[in-house]
Amino acid sequence: MSAKRANREVIIARLCEMFGVWRERGDIAAAHPRIAAELCFGLVEAALRECYVAGLPSSATENTYVAEVARCIQAILGLRPSDRR
């Protein structure tokens, strides 16, 4: 197994565990923690790749990517912006 794949699996497993706990507490609306974890990981990985593909971006560009990823993750988990903890 490659290091990249192992890293992916460790991160997804931890996210899945956290999302399961949060779902049980009623903190998030995501019905399937594993799927939500895979989507979040893929989203972050794709955004990082795209943001840095041309080299080090400006801080404004980086902030734009971070903000958009955060909005998407809120949607995946069923959070409203006011739910930030």
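- Residues E24 and V21 are not in side-chain contact: their nearest non-hydrogen atoms beyond the backbone lie 4.5 Å or more apart.
- Atom-to-atom distance recorded for T61:OG1 and Y52:OH is 10.0 Å, nearest 0.5 angstrom.
- At a threshold of 4.5 Å between side-chain heavy atoms, the hydrophobic network of Ile, Leu, Val, Met, Phe, Trp and Tyr places Y65 and L48 in two separate groups.
- Partners of A75 by side chain to side chain contact (heavy atoms under 4.5 Å, CB included), not counting sequence neighbours: none found.
- With rounding to the nearest 0.5 Å, the separation of CG in N63 from CD in E68 is 13.0 Å.
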Result block: side-chain N/O donor-acceptor pairs under 3.5 angstrom for residues 29-45, not counting sequence neighbours:
from: R34; atom 1: NE; to: E38; atom 2: OE2; distance (Å): 2.8
from: R34; atom 1: NH2; to: E9; atom 2: OE1; distance (Å): 3.3
from: R34; atom 1: NH2; to: E38; atom 2: OE2; distance (Å): 3.3

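- L77 CG to F19 CZ: the interatomic distance, rounded to the nearest 0.5 Å, is 4.5 Å.
- From L15, atom CG reaches atom CH2 of W22 across 8.0 Å, with rounding to the nearest 0.5 Å.
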